[in-house]
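Data block below; observations after.
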Amino acid sequence: MFDFSTPVDRHGTWCTQWDYVADRFGAPDLLPFTISDMDFPTAPCVLNALTQRLNHGVLGYSRWQNPQFSGAIAHWFADRFGAQIDEQQLIYGPSVIYMASQLIRQWSNPGDEVLVHTPAYDAFFKSINGNNRQVLPAPLTLIDGDWQCDMNALEALLARPQCSLMLLCSPHNPTGKVWTRTELEHMAVLCERHNVSVISDEIHMDMVWGENRHTPWTQVGRNRWALITSASKSFNIPALTGAYGLIHNPDDKARYLDALKGQDGLSSPAVLALVAHIAAYREGAPWLDALRDYLSENLAFIARELNGAFPQVDWRMPQSTYLAWIDLRPLGLDDHAIQQELIERQKVAIMPGFTYGNEGVGFIRLNAGCPRVKLEDGVQRLIAGIRAVRAATDS
């Protein structure tokens, strides 16, 4: 029913991943597997809804506080996660990271520590440091292919006097870890015990594989908390802007909305983002399920090819996301040598793991959200690049 195999040329569309790859990698015309958007057109139901709205011809100021938007979100959470949300807790924002930054300012003071599980999405570091707070790393540990959090060590960090906030990534980027309900409940108890507020970024909630199940923070939250997310990753619509969330406490919600409108002048949402979310959540499930099958096969392809070339890597599909977080440490290669080879000779852009903090050293993050023909090309270039660096190292 849906075509994910035919490439779409994104050159010349002001595309961050393709047209501006040199900004991060220093060279143009690389085959990119970088920023986490996908090379697929979005769901036909979304495109049809956008077309109908554009055909109306008037693009004036609008409101996100309408029953179509809130009802679509409530439907999605009930249908996909079996979670009943309180629509009175809903909030809106231009992006998930904007919402995280606003809540960081609201729920902590300059100089406070914000706990994040590391390796961590690089925008987390920027939003914390950019707001004059300090990153408090809580390293995850890879044990037999499973990313684990030491809850005793976590509690010791949450108990620090300057730790006022935990910025949770659920599911976790870049590792792809899906937090179990038991883990989330444990963290909720610890945060309540030490009076630590929680912001749960759940933008990857729809991309969970196999028997793993996503549990929204709404199901476990105990003290001051907010869940923030968007359909932008799942339906490939980040260019429309637009995100939403839920804030537990009515006073906290009111304070957030006052800042949104009074401080930042963002009371009128991007109306096309509202249209897209409503269409996606009401009609987009068949497309998303087909996409999930395709992405899962892409990740399985990476595992077959990479492990066939380098058995000692023993790379396993992540529990979630279309981002392959690949541990190259068993090969004993220098990160910078790998990047130099990939960029200069293989002409491919793959995110170096050190982008995501010290715990990312020795890893790479490859975006598998693309047609198979592109992925096949990129994986072969990666394998060739690793072989070239190994040969140079051994000589």
Side-chain angles (χ1 to χ4, degrees), residues 83 85-86 88-93 95-118 120-121 123-140 149 151-173 179 181-205 214-230 243-260 263-264:
I85 66 167
D86 181 353
Q88 297 303 311
Q89 296 176 345
L90 277 170
I91 57 170
Y92 178 85
S95 72
V96 165
I97 290 300
Y98 165 86
M99 299 170 80
S101 293
Q102 188 65 260
L103 290 166
I104 287 170
R105 291 190 290 271
Q106 186 170 319
W107 289 351
S108 64
N109 296 308
D112 280 3
E113 296 174 330
V114 179
L115 184 143
V116 295
H117 295 91
T118 53
Y121 176 40
F124 279 14
F125 297 117
K126 295 172 184 175
S127 61
I128 294 168
N129 294 329
N131 282 298
N132 299 313
R133 276 67 171 172
Q134 306 298 315
V135 175
L136 180 61
L140 298 175
C149 174
M151 291 296 176
N152 291 326
L154 179 68
E155 180 166 20
L157 295 173
L158 292 171
R160 290 167 61 98
Q162 291 302 111
C163 180
S164 58
L165 184 61
M166 179 173 75
L167 181 52
L168 179 67
C169 195
S170 178
H172 187 262
N173 174 17
W179 299 96
R181 186 176 184 119
T182 299
E183 289 174 319
L184 294 172
E185 289 174 340
H186 195 165
M187 287 192 286
V189 169
L190 296 179
C191 288
E192 181 183 43
R193 180 180 300 163
H194 298 288
N195 197 31
V196 173
S197 304
V198 178
I199 304 169
S200 184
D201 174 353
E202 304 189 11
I203 200 168
H204 292 282
M205 62 188 187
H214 174 70
T215 301
W217 190 262
T218 55
Q219 304 299 98
V220 301
R222 298 170 69 96
N223 61 333
R224 171 183 274 174
W225 60 261
L227 182 160
I228 54 178
T229 189
S230 173
Y244 66 91
L246 299 110
I247 294 182
H248 177 238
N249 182 276
D251 292 336
D252 287 332
K253 174 187 172 180
R255 187 177 168 197
Y256 168 87
L257 293 178
D258 285 345
L260 182 79
Q263 176 180 301
D264 295 334

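Note that this is a predicted model, so its numbers are computed, not measured.
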What are the two closest non-hydrogen atoms of [X] and [Y], and how far apart are they?
X	Y	result
Y256	M99	OH-CG, 3.3 Å
E202	P216	OE1-CA, 3.4 Å
S127	I97	CB-CG2, 4.4 Å
C149	L140	CB-CD2, 3.8 Å
V116	A120	CG2-CB, 4.4 Å

Roughly how far apart are [X] [atom1] and [Y] [atom2], rounded to 0.5 Å?
X	Y	atom1	atom2	answer
L227	M205	CG	CE	7.5 Å
L158	L190	CG	CG	6.0 Å
T229	I203	OG1	CD1	6.0 Å
I199	W107	CD1	CH2	6.0 Å
L154	C191	CG	SG	7.0 Å
L246	W225	CG	CH2	5.5 Å

Any side-chain heavy atom of [X] within less than 4.5 Å of one from [Y]?
X	Y	answer
R160	H194	no
Y92	L257	no
H248	R224	no
E185	V189	no
E113	S164	no

Does I128 form a side-chain contact (heavy atoms from CB on, under 4.5 Å) with L165? I'd like the steps, not just the answer.
CA-CA 11 Å; I128 294 168; L165 184 61; over 6 Å; no
I'd like to know whether S101 forms a side-chain contact (heavy atoms from CB on, under 4.5 Å) with N131, so could you lay out the CA-CA distance, the side-chain angles of the two residues, the decisive distance to 0.1 Å, and finally the verdict.
CA-CA 7 Å; S101 293; N131 282 298; 3.7 Å; yes
Short question: side chain of [X], backbone of [Y] - any donor-acceptor pair under 3.5 Å?
X	Y	answer
Q219	A83	no
D201	L167	no
S108	R105	no
N249	D251	yes

State whether the number of non-hydrogen atoms from other residues, nucleotides or ligands found under 6.0 Å of Q263 atom CD is greater than 12.
yes
Whether over 12 other heavy atoms sit under 6.0 Å from D258 CG
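Counting other residues, nucleotides and ligands, CG of D258 exceeds 12 neighbours.
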Is the ring pair W179/H172 parallel, tilted or perpendicular, if the boundaries are 30 and 60 degrees?
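Ring orientation, 0 to 90° scale: perpendicular.
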Assess whether side-chain contact (heavy atoms from CB on, under 4.5 Å) is satisfied between W217 and S170, documenting all intermediate values.
CA-CA 9 Å; W217 190 262; S170 178; over 6 Å; no
Does the pair K253 and Q89 meet the rule for a side-chain contact (heavy atoms from CB on, under 4.5 Å), with working shown?
CA-CA 7 Å; K253 174 187 172 180; Q89 296 176 345; 5.6 Å; no
Under the side-chain contact (heavy atoms from CB on, under 4.5 Å) test against Q162, which residue among N109, L136, D112, V114 passes?
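The residue from N109, L136, D112, V114 that satisfies side-chain contact (heavy atoms from CB on, under 4.5 Å) with Q162 turns out to be D112.
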